[in-house]
Amino acid sequence: MSTYNPSDIEKKWQIYWLENKTFKTPDTKDKPKYYILDMFPYPSGSGLHVGHPEGYTATDILARFKRMKGFNVLHPIGWDAFGLPAEQYAVKTGTHPRTTTEKNIGIFREQLQMLGFSYDWDREVDTTDPDYYKWTQWIFLKLFEKGLAYESEQPVNWCPELGTVLANEEVIDGKSEVGGFPVVRRPMRQWVLKITAYAERLLEDLDDLDWPESTKEMQRNWIGKSIGAEVEFQVAGQDHSLRVFTTRPDTLFGATYMVLAPEHPLVEVLTTSDQKDQVTAYQDTASKKSDLERQELTKEKTGVFTGSYAINPVNNAEIPIWIADYVLAHYGTGAIMAVPGEDERDWEFAETFDLPIIRTVQPPGDFEGKAYTGDGPAINSGFLNGLTITDAKVKMIQWLEEQGVGEKSINYKLRDWLFSRQRYWGEPFPILHVDGKPKAVSLNDLPVTLPPVDDFQPTKTGEPPLARAKNWVETTDPETGKKALRETNTMPQWAGSCWYYLRYISPDFNGGPVDPEFEKYWMPVDLYVGGSEHSVLHLLYARFWHKVLYDCGVVSTKEPFQRLVHQGMILGEVEYTAYEKDGKIISADEAAGQKELVRLQLSDSEVEKKGDRFVMKGTEITVDSKAHKMSKSRGNVINPDDVVKSYGADSLRLYEMFMGPLEQVKPWSTKGVEGVNRFLNRTWRLLFGEHGDEIRNLSESDPDSEQLKVLHTAIKKVTEDIESMRFNTAISALMIFVNEANSWEELPSAVAKDFILLLSPFAPHIAEEIWSRMGHAQSLAYEEWPQYDEKYLRSDSVEIPVQINGKVRANIEVPSGRIHEKDFVIGLAKQQKNVQKYLDGSVIVKEISVPGRIVNLVIK
RNA sequence: GCCCGGGUGGCGGAAUUGGUAGACGCGCCGGACUCAAAAUCCGGUGGCAGCGAUGUCGUAAGGGUUCGAGUCCCUUCCCGGGUACCA
């Protein structure tokens, strides 16, 4: 047995690590700490896909590296195990979600262990474990206590197919994010969390986070802060007033009409009898529109006049009041002042219904558009005339405040978080309804556990499945002895993942969600790696809960995740697609948009590059070349199990890191896996030679200067690249080392030892195996990380390119000690034969020498 | 539409503060070993011209700054992600 055979060694080391608890997190606080977190996986029935190992390998490399660098490392994993799939399976088959969940967790755990990740398996958490969700409920009660959780009867996103409501964030284009089912609006009693109370802090504290700028920007947009003013309009001839929110108080002179959302509470009283029928009809249509329909009808502006007029406070003009669904009930005050001259939507509406338009900002002379939203001097605006937008805003707000008809105001797009779901497989709310009012279950009575039910579907009356557990629902309030009903909604899946990173710190702590002593040591999370699909939802919710816990004194940091990195998606293998129509193959450009096409998959030997397109070999017929997202329907899913079976976990880990920068989207290539597998084979042979499993000619002699240079170059590059998470180039440096070392007569064991340590975070199984065969009795997991020494990197001379007018014409060898002697270096350059050729008959106008870098002679 | 990212060989990708573009890997070509193949090893590999030294063109396109630009500035095009009547 001489060849590298991953299946022989990988299992062995996985068992070793588990049995020896090699990666158990220390309970001491004697060293600097590093908390490195992977995003909470949902243990689905289909198991791991290749996207999981990408982020997990990156964090694992860092975790292993940091341990060797002398840090206490917290690197845990657990299960975000509540959720819809297990429940839907239960509805279909009657299998309790608990059973399905436990089975899936088992599969996931095994798969993660098969990849050699260095998790502390004693800290595994599971959101569906009553000992865990006890604390989820505890946190909910904190929110309830602080008035941040309340019940509200409101129109919600009801998804009939899923039998539940969804948060706004879970509705994409009018369809459910999960499953893509239609969503309709329907009023229901719901639990809502007041995340809006934290809008400003959620926005402000983003600034100090070391997160991708795009993610921070997405959160900022989602929170959607806008600064403006509220203005009060009297209704002509009535004892009512309407408030509007505007970001452009400077344009008040241009307000020529008002628009209320169809749902605005004053619509009824403002509608005159002759407009009544039209208004009611319009309201009716608007209310029936689903979100999807609203989106489809965005082009045309619709609306109805109410018959009433408002008085513009700035010039006492009477302006008509309309209702239209382009004004949203839930934003601002649900009413706007329309300034068609400066707002594109208002302009469109004014054109449609023939309403007056007054410009209040002077557009530039060459402006040809309709509404003008740019800056310029105010016109037609009385006391504001001539001012720029910024100055006019200030002056108008001052005027409004003096007159008592308005004031500066700030609005957020962020809305409160709809927190209840009509499902079985979620955390029960620790709430009793006594005398029709919600009341917290006493902390001593937590957890409120899920009752058994005979059917996991909602009841016929549309109540959540928990309503079927009559004995559980009907209870008594232990405090008053009164009859009480338990809350039958459950929490959304986000609840458990909002604070799991805290539970890892002290998974068995009984005095609260987290042990304060260890919380202070481990928090914040130093590095959090996960997909960008969680940029808004999970990351915003978790930050919100964290801030609430901070206010409660449970945690000591304002923010949970100091540094965040998103791994890029892994696409399927590149596919070449040709199109056939009516039995004839046509060019891809021609095929675009056509129907009834037959798609033909071509292999890469059937195509060639022509210009910037691919064509079928020897023809002019263009084909599409594209890597698609992996999907079952496309049949291009790569299963990590298969890759491990064929090439081993180390090859999979190495390949996923070698593909390219972590953050980037990249296509899969099985050939690429073979490439890194070959590298591991070469590494194996470097140590064991062609035959036998004895370590080959490792010499005990001192390494020569060339060997030291090669080794220390690798140490430097690998160390720096791991620290900045450039794993692809770190692996390239390891490959260069092996390529060099393979040409040596013998390999000094001191050099081999350091190299194996460098390789170990990336390919831990093969590294441990070689390490042990080199005679070490202990795992290398806590060996000291090799240090590089600059003195071995220096060479006696440096090769410097010589340019003539910026083009390289020759290279010179300069002794390292003399690179700063400009005259010497330039003199040397001028002696070069190929340089003299150019200097002949020319005049040197400038001589540039950048020490150790370049020489450039500018000639005429 | 708006806001973020990106466009470098046949492919994935390298390239310090502006200083030899194409590291490393894949693929391809040639050679060694073999009855043969696989595996492995050695050599080559951006385009064009040339036997060659070498020359020339080349980092989406066009322009600019500079002794020198993949890198900085302006304009345009294309791809990916997010978002969408938020007043």
Legend entry - Sidechain-backbone polar pair: A:Asp416 side chain, A:Thr196 backbone, donor-acceptor under 3.5 Å: yes
Inset, instruction - Measure from CD on A:Glu656 to C1' on B:G25 and round the result to the nearest Å. - result: 16 Å
Legend entry - Distance, rounded to the nearest Å, where A:Arg678 contributes CZ and B:A39 contributes P: 8 Å
Legend entry - Carboxylate-amine/guanidinium proximity below 4.0 Å for A:Glu720 and A:Arg726: no
Legend entry - Salt bridge flag under 4.0 Å for residues A:Lys370 and A:Asp346: no
Inset, instruction - Among B:C41, B:C24, B:G55, find the nucleotide with the atom closest to the side chain of A:Tyr838. - result: B:G55
Legend entry - Counterpart base for B:G30, defined by Watson-Crick or G-U wobble contacts under 3.5 Å: B:C42
Legend entry - Atom-pair distance (NE2 on A:His330; C1' on B:A84), nearest Å: 13 Å
Legend entry - Distance in angstrom units between A:Asp346 CG and B:C85 P, rounded: 14 Å
Inset, instruction - Using a 4.0 Å heavy-atom cut-off across all strands, classify A:Ile736 as base, sugar-phosphate, or nothing. - result: sugar-phosphate
Inset, instruction - Mind checking A:Ser535 for me? I need base, sugar-phosphate or nothing, with any heavy atom below 4.0 Å counting as a touch. - result: nothing
Legend entry - Basic-acidic side-chain contact under 4.0 Å: A:Glu620, A:Arg613: no
Legend entry - B:U83 pairs with, by Watson-Crick or G-U criteria that keep both distances under 3.5 Å: B:G1
Inset, instruction - Using a 4.0 Å heavy-atom cut-off across all strands, classify A:Arg809 as base, sugar-phosphate, or nothing. - result: sugar-phosphate
Inset, instruction - State which of B:C85, B:C3, B:C67 makes the closest approach to the side chain of A:Asp325. - result: B:C85
Inset, instruction - Record whether the side chain of A:Arg853 comes under 3.5 Å of the base of B:U16 through a donor-acceptor pair of N or O atoms. - result: yes
Inset, instruction - Report which part of the nucleic acid A:Glu344 touches: base, sugar-phosphate, or nothing (heavy-atom distance under 4.0 Å, all strands). - result: nothing
Inset, instruction - With syn defined as a glycosidic angle within 90° of 0 and anti as everything else, classify B:G62. - result: anti
Inset, instruction - Determine yes or no for a side-chain-to-main-chain donor-acceptor pair under 3.5 angstrom, with A:Tyr655 supplying the side chain and A:Ser669 the backbone. - result: yes
Legend entry - Spacing of A:Met258 atom CE relative to B:A87 atom P, expressed in whole Å: 16 Å
Inset, instruction - Report the residue (A:Ala733 or A:Met659) whose heavy-atom-nearest nucleotide on RNA chain B is the more 5′ of the two. - result: A:Met659
Legend entry - Watson-Crick or G-U counterpart of B:U16, or none if no pair lies under 3.5 Å: none
Legend entry - Closest nucleotide among B:A87, B:C24, B:A15 to the A:Ser732 side chain: B:C24
Inset, instruction - Can you label the angle between the A:Phe353 ring and the A:Phe349 ring as parallel, tilted or perpendicular, going by 30° and 60°? - result: tilted
Legend entry - Sugar-phosphate only, base, or nothing, as touched by A:Asn856 at under 4.0 Å among non-hydrogen atoms: base
Inset, instruction - Check every atom of B:U83, B:G82, B:A87 against the side chain of A:Met218 and return the nucleotide holding the closest atom. - result: B:G82
Legend entry - A:Trp668: which of A:Val574, A:Val673, A:Asn636 passes side chain to side chain contact (heavy atoms under 4.5 Å, CB included): A:Val673
Inset, instruction - Look at the side chain of A:Ile336 and decide which nucleotide, out of B:A87, B:A15, B:C4, has an atom nearest to it. - result: B:A87
Inset, instruction - State plainly whether the residues A:Glu407 and A:Arg243 are in salt-bridge range, i.e. N to O under 4.0 Å. - result: yes
Inset, instruction - Quickly work out the A:Ile731 CD1 to B:G13 C1' distance and round it to whole Å. - result: 12 Å
Inset, instruction - Check if the side chain of A:Lys671 and the base of B:C11 share a donor-acceptor pair of N or O atoms closer than 3.5 Å. - result: no
Legend entry - Closest nucleotide among B:U20, B:G81, B:A14 to the A:Lys629 side chain: B:G81
Inset, instruction - Just name whichever nucleotide pairs with B:A60, Watson-Crick or G-U, keeping both distances under 3.5 Å, else none. - result: B:U76
Legend entry - Listed nucleotide nearest any side-chain atom of A:Val808, set B:G10, B:U83, B:U20: B:U20
Legend entry - A:Lys837 side-chain proximity, nearest of B:G25, B:A23, B:U54: B:U54
Inset, instruction - Using both distances under 3.5 Å as the test, list the Watson-Crick or G-U wobble partner of B:U54, or none. - result: B:A49
Inset, instruction - Whole angstrom is fine here: how far is it from CG in A:Asp721 over to P in B:C24? - result: 15 Å
Inset, instruction - Go through B:G68, B:C57, B:A23 for me and flag the one nearest to the A:Lys807 side chain. - result: B:C57
Inset, instruction - Report the nucleotide, chosen from B:A87, B:G80, B:C67, that has the shortest atom-to-atom distance to any side-chain atom of A:Lys626. - result: B:G80
Legend entry - Between B:G81 (P) and A:His534 (NE2): distance, integer Å: 17 Å
Inset, instruction - Check every strand shown and say whether A:Ser669 touches a base, only sugar-phosphate, or nothing at a heavy-atom separation below 4.0 Å. - result: nothing
Inset, instruction - Give one of base, sugar-phosphate or nothing for A:Asn739, where a contact means two heavy atoms less than 4.0 Å apart. - result: sugar-phosphate
Inset, instruction - Tell me what A:Pro212 touches on the nucleic acid: a base, only sugar-phosphate, or nothing, going by heavy atoms under 4.0 Å. - result: nothing
Legend entry - Sugar-phosphate only, base, or nothing, as touched by A:Asn411 at under 4.0 Å among non-hydrogen atoms: nothing
